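Report on one structure; see the data block that follows.
Keep in mind it's a predicted model, so treat the numbers as computed, not measured. Here, residue 1 is the first one in the sequence, and each next residue gets the next number. For ligands, and for the atoms within them, numbers begin at 1 and follow the listed sequence.
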Amino acid sequence: MTETMKIGRDSVVSFHYRLGKEGEAHFEDSHTGDPVLYLHGHRSMLVGLEEALEGRVAGDSFTATLPPEKAYGKRKEGAQQRVPRKHVLTKGKLKAGQVVQINTAEGGREAQIIKVGLKNVDIDSNHPLAGMTLDFDLEVIEVRAATAEEIAHGHAHGVGGHQH
Ligand code: ZN
């Protein structure tokens, strides 16, 4: 007889989700691909999702509403700047609202385009979901104990997680 495993520290969890802005239609759905796989309790997942998933078991379906501080953070002032087009690493035609990779002194990072000019692009380096309260519909697919190797690496191994 196997005991149903509850999600806790060092659980490897796979789950599906649908994500939307609070009270609005979902704009992201993991069901189009593999479930997300992560190692619980190692800060590799949004803090609000870890809190909502703690103690749950495979087969549980529920909704969690995450304020910005438990999801992608508050929007930061001064995150908007004008950069030369050549610093945009993403290829192809650029348009407002698009999330692109920008080359910075600290390496590549994501930013959202506000406006495209002839030589320059106005960007906002806030995460596109920063400042938003988010609704997650969650479905726990599988819960298992992490291997010693996964705990040492600080992440889960397998489809949807790290594969190396
Ligand atoms: Zn690893």
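- Taking Asp60 as the reference, nothing meets the side chain to side chain donor-acceptor pair (under 3.5 Å) condition, with sequence neighbours excluded.
- Nearest heavy atom pair, residue Asp124 against residue Gln80, reads OD2-NE2, 3.4 Å.
- Here Leu39 sits in one hydrophobic cluster together with Val12, Leu37; the rule is ILVMFWY side chains under 4.5 Å apart, joined directly or through other members.
- Within the protein, the number of N/O/S atoms found under 2.8 Å from the Zn ion (ligand 1) is 4.
- Residue Ile102 belongs to a hydrophobic cluster whose other members are Val83, Val88, Leu94, Val100, Ile113, Val116, Val121, Ile123, with links defined by side-chain heavy atoms closer than 4.5 Å.
- In this structure, CD in Glu50 is found 9.5 Å from CZ in Arg9, a value given to the nearest 0.5 Å.
- In this structure, Glu110 and Gln101 have side chains that are in contact, with non-hydrogen atoms separated by less than 4.5 Å.
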